[in-house]
Amino acid sequence: MIVAPARAPRTRRAVAAEPAAVDWGEYAAAVYRWELITGHGAPYPTQSGRHGRPVLAPAFVEWLMGLPPGWATAGHLDLPRTAQLRALGNGVMPQQAAHALRLLLDDFAHLNNSACPAPVGAPALNRRSAHPGRTADSAPAHAPTPSPTSRGAASNRRARTGTRARR
C-alpha cells in the first residue's frame, strides 16, 4: 500500500511591526480628503487573517463610516472580527443619517408652511381631516351613518382571523 507523505504544516509569515504605507492609487485624493474631514488618519485596510492571508480590517470600515476610533472595535467590547464587521455593516453612517433627517425636517416644514395660499373664497382646510370645510368630528355628507349592529372592516377581519390590526 502506498501512503502519501503528510504535508508539512503551513508556517505563518512574520508580521512586520509597522505596516508599510498604503498605495491608495486613484483613491488617494478621496482618502486624504476623508482624513481631513474625520480628523483621523486612515488605518491600514487589511489585517492578517487566521490563515495568514489579508482580510478586511474592522478599524478601516469604522473609519470609512466616519465613526470615532473604537466605536465597534474597542478592546473592552471583546467582539470577534466577524461580529465587528456585522455590527458596522448593519450600522448607519452618522453623516448620512443627519442628512436624511435634514431632508425630512425640510419637507415637514414645507408641508406645515405651505407656500401656496388658499384662493380667495375657498373653504378653510382643516389640517386634521385634510378635507375642505370638514372638521375632524364631522362625517362627509355622502357617507351613511353606521348602524349600531353593523360591523366595520376591521371588526369583520377580527371575526374572521381572530386577530387585531397592528397600529
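Just the heavy atoms: all of them, side chains too, but no hydrogens, waters or symmetry mates, feed the values below.
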How many angstroms lie between [atom1] in [X] and [atom2] in [Y], if you round to the nearest 0.5 Å?
X: T46; Y: L56; atom1: OG1; atom2: CG; answer: 8.5 Å
X: H51; Y: R53; atom1: NE2; atom2: CZ; answer: 6.0 Å
X: L111; Y: D106; atom1: CG; atom2: CG; answer: 11.0 Å

Quick check: is [Y] connected to [X] through a chain of hydrophobic side chains (ILVMFWY, heavy atoms under 4.5 Å apart)?
X: Y44; Y: L67; result: yes
X: M93; Y: L88; result: yes
X: I37; Y: L64; result: yes
X: L36; Y: W63; result: no

Inset, instruction - Give the minimum heavy-atom separation between G52 and S48, together with the two atoms involved. - result: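 For G52 versus S48, the nearest heavy atoms are CA-OG, 3.7 Å.
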Less than 3.5 Å apart, which donor and acceptor atoms pair up between the side chains of residues 96-103 and the rest of the protein, not counting sequence neighbours?
none

Inset, instruction - Quick one: which residue pairs count as a side-chain hydrogen bond (donor to acceptor under 3.5 Å, both in side chains) with a foot in residues 64-90, not counting sequence neighbours? - result: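 Only E62-T73 qualify under side-chain hydrogen bond (donor to acceptor under 3.5 Å, both in side chains).
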Legend entry - Pairs meeting criterion side-chain hydrogen bond (donor to acceptor under 3.5 Å, both in side chains) with involvement of residues 20-31, two or more places apart: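 Pairs touching residues 20-31 that pass the test: none.
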Inset, instruction - Please identify each residue that fulfils side chain to side chain contact (heavy atoms under 4.5 Å, CB included) with A57, with sequence neighbours left out. - result: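 For A57, the residues satisfying side chain to side chain contact (heavy atoms under 4.5 Å, CB included) (neighbours in sequence not counted) are Q47, F60.
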Inset, instruction - Each residue besides F108 in its hydrophobic cluster should be listed here, by chain and number; the cluster joins Ile, Leu, Val, Met, Phe, Trp and Tyr at side-chain heavy-atom distances under 4.5 Å. - result: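 Other cluster members: none.
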Inset, instruction - Considering only Ile, Leu, Val, Met, Phe, Trp and Tyr, and joining two whenever side-chain heavy atoms are under 4.5 Å apart, list the other residues clustered with L77. - result: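 Cluster partners of L77: L79.
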